[in-house]
Protein chains: 4
Amino acid sequence: MPKLGMEPIRRAALVKATIDEIGQAGSLDVTVSRIARRAGVSAALAHHYFGGKEDLFLAAMRHILTLFGAGVRAGLREAETPRARLEAVIRASFQAEQFRGHVVSAWLNFYVAAQTVPEAQRLLRIYQRRLRSNLMHDLRPLVGARAGPVADMLAALIDGLYIRAALGPEARDPAASAQKVVDMADLLIGEVT
Amino acid sequence: MPKLGMEPIRRAALVKATIDEIGQAGSLDVTVSRIARRAGVSAALAHHYFGGKEDLFLAAMRHILTLFGAGVRAGLREAETPRARLEAVIRASFQAEQFRGHVVSAWLNFYVAAQTVPEAQRLLRIYQRRLRSNLMHDLRPLVGARAGPVADMLAALIDGLYIRAALGPEARDPAASAQKVVDMADLLIGEVT
Amino acid sequence: MPKLGMEPIRRAALVKATIDEIGQAGSLDVTVSRIARRAGVSAALAHHYFGGKEDLFLAAMRHILTLFGAGVRAGLREAETPRARLEAVIRASFQAEQFRGHVVSAWLNFYVAAQTVPEAQRLLRIYQRRLRSNLMHDLRPLVGARAGPVADMLAALIDGLYIRAALGPEARDPAASAQKVVDMADLLIGEVT
Amino acid sequence: MPKLGMEPIRRAALVKATIDEIGQAGSLDVTVSRIARRAGVSAALAHHYFGGKEDLFLAAMRHILTLFGAGVRAGLREAETPRARLEAVIRASFQAEQFRGHVVSAWLNFYVAAQTVPEAQRLLRIYQRRLRSNLMHDLRPLVGARAGPVADMLAALIDGLYIRAALGPEARDPAASAQKVVDMADLLIGEVT
DNA sequence: AATGAATGAGGATTCATTCAT
DNA sequence: GATGAATGAATCCTCATTCAT
């Protein structure tokens, strides 16, 4: 007896299952069947709702981006000075939710996908642009014209720490990684030009 | 027309073909057949010499690591002061050979493989340890006890710039990326504690 | 045009096709594709339902064992005295269904498989134990303590005649073979100790 | 530095390696490469001397038959009365060399091959005819016209015990099996008609 | 809304066999 | 006499995807 209004529930379950499955496998070598089984539905239904494997992956990616965006906004809500806001933006990149296990693994794989799948690339670009714009917005009052290079530096540092976190159990310490970036930010801000 | 002593030639050709193919595909989703065809041999021969797909990938990874190591040594040969050596180590990570196209893409994918394949993880660890040890060796005379954290910072920065380079055509400028890291190094060295 | 409840139908068809194909080939060198084609389905479906080639073989073996067991029970139903039951057990081994063509060939090959595949060995052991226990149950009233050795002798004779039947067109006369064993049984029963 | 007169040595080594390999594998699923490696030569050489895999198998079979024939003749040399000769023929089928391990396994597989390969069938027929003729030659003085059926019975029994021996570690007792056949022979001889 | 049934396409891998040296 | 080099053909198996129910 099929029920009405199942669509959003199924979609959400499938997206979550996709992220989890990728996280567990450590790669995009994941079958639709397994994802579907994990979500408690048939593989056919996954296709019914998402059209194909790739779309499922992209939906998962979008979901992660959405969560990330929400995290940033939440962090900013409590910050008032530029310095505080900057720190909030940085720490948002290292929220527990975003910075570990399944999600980091998913990110790493999305990086790879971005080389091939245009839509994946588009999404990554959005993320990068948004991060850069967030950083610059608060760096400008602090470092003026140097906001651009400094933002690039911090962004690269954030991504670099991502990789390290994805590769081994050591250093899987979000807070410490965040602190490193914050320290670096302070150093760059204090630098005389 | 079989000739003797072909083994090393074939192995080298297959390793090169593997790196190129991964680079072109942008992912590890590459068939042995295609690699073999690119190397001008049959898929069966690839198996004959390497045992399987995974071993072929690992051989490619080892090859990249070897080239990287050679590049570092070459750079160090001409450097004399700690500062010069440090810069040489950093620039080695951004040699033309290592820092672009196929190779960066291959690296990115090996990162992913390292989550799953133990031998890949082992190789990555070797790379990371070697990089860190190289950096620290020359940082110690310059920053003393802060060598550890500083090395970590620089290493993360290097990796972060890798990712950026792998993701889009923009910023594929090895020299510029290297310079960013060098500048950062100088900044960290000059920092009073 | 997929219909529901096809699984048992397909499984049965595939098992039958397996036995026929082995019988025709005269060996286990049979491809899944051929079996599937004979059953009127794709090779992929065979894998879907059975998991693999080996499982398909084992299912075929189990099927033959089941038929054999049913034949024995049917024969025993009409026998009343120990002597009559003994004859029924013997003749069951030489039922038309069990003692010729595809099935004998399949048996011969399963013997070979039993050297390698544990589950095949297990099934063969079950068959042997069951045959021996059937023979002994009715021999005990007739020959007392000699039931064990006599049962072994008769069982070996049955198997030996199997081989002969599998090897050439000559002597493919189930009834005659059965009669030989029955005569031998009578001789052994009559023997004074 | 190739040596002269290697051919018979290589052939013998390859035949032995074939039998051993089949025995170890428990089936005919044996690669030429493995056989060659076991014999200490290249796979190409095996083809050079035997033309192909099948011929190698047949040569192995012929070798076993030759050994068997020699064993029978050796046994007969010391026997004088028909009864003694009969026992010698029977025991020859259960010589240690013939009745265990590699060889039994090889036999079992040759039975299977005989269903498909004409030359294998021909060889098996020769063996069977020879065994029957040996048995009958000595049975005639003992049981007269019943020699034919009795020989068939004994031959089937011998084959039946072969199978049992090939299938499990239990009952791998050549002497005991031989004794069973001899006892049966005596029983049949003593039987009044 | 949901799924069991079914398949085509493709990929890794194995192996007997050939050939030039 | 002997082998390394090389391959074509075959086989098992996996998987995304489709379709009727």
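Sequence lines set the chain letters: A, B, ... in the order given, protein chains first and strands last, and positions in each chain run from 1.
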Report summary line: Quick note, A:Tyr49 side chain, CB onward, closest among F:dT11, E:dA12, E:dA1 is E:dA1
Query raised in the report: Can you check the A:Leu56 CG to F:dT17 P distance for me, whole Å?
Result: 10 Å
Requested in this report: With the side chain of A:Lys53 defined as its heavy atoms from C-beta on, choose the nearest nucleotide among F:dT17, F:dT11, E:dA16.
Outcome: F:dT17
Query raised in the report: Under a 4.5 Å cut-off applied to non-hydrogen side-chain atoms, are D:Thr31 and D:Glu21 in contact?
Result: no
**Report entry** OG1-CG distance between D:Thr18 and D:Asp55, expressed to the nearest 0.5 angstrom
**Finding:** 11.0 Å
Query raised in the report: Given F:dA2, is OP1 or OP2 found less than 4.0 Å from the side-chain N or O atoms of D:His48?
Result: no
Requested in this report: List for me each residue that meets ring-ring contact (aromatic ring centres under 6.0 Å, His included) alongside D:Tyr49, sequence neighbours excluded, and say none if there are none.
Outcome: none
Report summary line: Quick note, A:Met6 side chain, CB onward, closest among E:dA2, F:dA16, E:dT14 is E:dA2
Report task. Looking at every strand, decide which applies to D:Phe50 at a 4.0 Å heavy-atom threshold: base, sugar-phosphate, or nothing. Result -> nothing
Report task. Using atom CG of B:Leu14 as one end and atom P of E:dA12 as the other, report the distance to the nearest whole Å. Result -> 14 Å
Query raised in the report: Among E:dA16, F:dG1, F:dA16, which nucleotide sits nearest the side chain of D:Val32?
Result: E:dA16
**Report entry** B:Pro8 vs C:Val30, nearer the 5' end of DNA chain F by closest nucleotide
**Finding:** B:Pro8
Query raised in the report: More 5' along DNA chain E: C:Arg10 or B:Arg34, using each one's nearest nucleotide?
Result: C:Arg10
Query raised in the report: What residues in residues 36-46 of chain D put a non-hydrogen atom under 4.0 Å from any atom of DNA chain F?
Result: D:Val41, D:Ser42, D:Ala44, D:Leu45
Query raised in the report: Salt bridge check: are C:Glu119 and C:Arg62 linked by an N-O gap of less than 4.0 Å?
Result: yes
Query raised in the report: Between the side chains of C:Arg38 and C:Gln24, does any donor sit under 3.5 Å from an acceptor?
Result: yes
